[in-house]
Amino acid sequence: MNPTAYRDTAPTNSYEFTSGSGYVLPEYPFVPPPELQGSTVVRHPIVIVGGGITGLTLACSLARLGVKAVLIDEDNTVGVKGASSRGICYTQKSLEIFERLGIFERIAAKGTQWSVGRTFAGEDEVYSFDLRQQGNFHLSSQPPFINIQQFYIEAFLVDRIRELGAVELRWQNRLTAFEQNAECATLTVETPAGSYRLEAEHVIDATGSHSPLRQWLNVPFDSRRGDDRWCIADVRFSTHPPVERHTWIEAPFNENRAVWQHLMADDVWRIDYQMAPNADPEQVSREDVVRERLARQFGPDVDVEIVWVGPYAYRSECVHALRHGRVFLMGDSAKVVSPFGARGGNTGVADADNLAWKLAAVLRGKADAALLESYGDERLEAAQQNVCVTNRTARFLRPADGAERLFRQATIGMAKQYPFARTLINTGRMAVANPYSHSRACTYAPGSAAGQSVQNVAFAWADGSQGRVNDLLDWAAGDLLVLVFGDLSPSALQRLRRLCFDAPVRSVQVLGIDATAQAVEHVRDPHAHLQGACHVFGHAWALVRPDGYLAASGETVDGQLVAAIERSLGLRGDIE
Ligand SMILES: O=C(O)CCc1cccc(O)c1
């Protein structure tokens, strides 16, 4: 163990060193890129830099839409060699995205589903939730959460990209220099077989929290760092704690500091222990110290195998803009958050899903290049929300002396007795699909839920078999989807046909169980789940985007629908 390395990396989310047997990661071969053979510099429509969960999700989304791209990654594996898994909890929205990409079944087979969370202060349970009993979580085909080590998802994405084609994955290709002008971006890349240059129309920075692109481009950002220190123990037990998210604000077995406990794949438990401020990383991660802590928590006879153990610290960061010329920042390149609430990796997945369909539509000539600006409107808002929410949690877990600490003590005291105080207990607000409240690509008419996510709920196809929102998005193949609920007049039907002919739009009539269909393409919504997912009531239309977000909704098939479609394709800049 090297404490200097820790000090260098302490204010990051990185889990930098390890004891225990660690994780075995897949390795991918280095294939000399064609550019090394010839002297001509090839121009690619999209170059993705970074093969973490965000870059690979984007690559897979593009591959699914048949859009050519090159992804370069400096390593020859997924995950981070010698480190723990970073992300561990995947939200329903991320799982819905992974279902569209064709890897959900693999994730579900490997990972662990959970929906119950409990928070303790000392011996008392002071807060709990069951997501299956909350809101509409139970209506999606995907569960509220699956826990799985991040590198498994990354490896499934690599396999899927290889199945789909279109995107070239270049391992051991490290970006060493970058420049851009009005014509294109030029990237210099180092490989074990030498250096080469390639040109790109669009560059995606998915390199993470140490982004070199961000430094070269001098990207302004806000940053906060504290003295809170944690130690991760990824362990395997012979006896099992309950498969629930357990958090302690004050754990008697951890000197009244916080503890986190989650089950992941392979029967491995992630247990995070809050340490004394500025604790010595070497001491807190020593195997005997970790074992002693585990024995205090689970009893002296606990039989555990240590898979990985290491200290970490975190900072929060958020850039001011997601686009810098031809470069789009995604995932941890755009913002860095503490892990509480699982808002890091899940945001990166949503960033990728947001940008993929827009790039595809622009490159296929189906949308105006201005649509790409809406990526910043939407995903910067999401990044800022996530930074704000996680900072609040971080302050609850490590309050400043004075009013903050007093507030926390009062909250804990009251929560033990009074239910109303329990919602003030903040050990992480679990990640959700962030809503977009001021995007130039959404139409915010009164009463419309534009900018909200549409859940992957079930409906019945015309033949009675069951379908899902993701099936409709698949069928739309990257085009916009207009769902029209209820009867259609002959003139409305005519207008819809015309729209589908003239614009990258597919439309479906959605009917109750017995109603007569006017459109050939129709489905049935016997329990009004589809209607609920689109946030509309009665006779209405809903304009759903390829990323499963509602772009607009309205009542009659008229000029407003046409205008909303234009706005969703970047053809109108004004925000309504
Ligand atoms: O349960 C959560 O809040 C997200 C998962 C998490 C939280 C804190 C540390 C960590 O390693 C995972």
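Values below: every heavy atom of this structure, side chains too, minus hydrogens, waters and symmetry copies. Here, residue 1 is the first one in the sequence, and each next residue gets the next number. Indexing begins at 1, ligand by ligand and atom by atom, following the structure's order.
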Y436 ring center near Y549 ring center (under 6.0 Å):
yes
Here's a test for you: under side chain to side chain donor-acceptor pair (under 3.5 Å), which of T393, T390, N386 qualifies with R343?
N386
Quick check on the 6.0 Å ring-centre criterion: do H246 and F120 meet it?
yes
Are W260 and Y273, when compared by the centres of their aromatic rings, separated by less than 6.0 Å?
no
At less than 4.0 angstrom from any non-hydrogen atom of F340, what atoms of ligand 1 do you find?
3 (O), 8 (C)
Using a 4.0 Å cut-off to any heavy atom of G341, which atoms of ligand 1 qualify?
2 (C), 3 (O), 4 (C)
Can the ring centres of F340 and Y314 be said to be less than 6.0 Å apart?
yes
For F396, is the NZ or CZ atom of R408 found under 6.0 angstrom from the centre of its six-membered ring and inside 45 degrees of the ring axis?
yes
Nearest non-hydrogen contact with atom 1 (O) of ligand 1 belongs to which option: Q274, R343, H262?
H262
Counting from 1, what ligand 1 atoms have a heavy atom of D272 closer than 4.0 Å?
9 (C), 10 (C), 11 (O)
Give the atoms of ligand 1, by number and element, whose distance to some non-hydrogen atom of A342 is under 4.0 Å.
4 (C)
Ligand 1 versus I88: contacting region, heavy-atom distance under 4.0 Å:
side chain
Under 3.5 Å: N/O of T427 near N/O of ligand 1
no
Mind checking whether P339 has a heavy atom under 4.0 Å from ligand 1?
yes
When the ring planes of W114 and F145 are compared, do they come out parallel, tilted or perpendicular, using 30° and 60° as the limits?
parallel
Give a yes/no verdict on whether any heavy atom in Y312 is under 4.0 Å from an atom of ligand 1.
yes
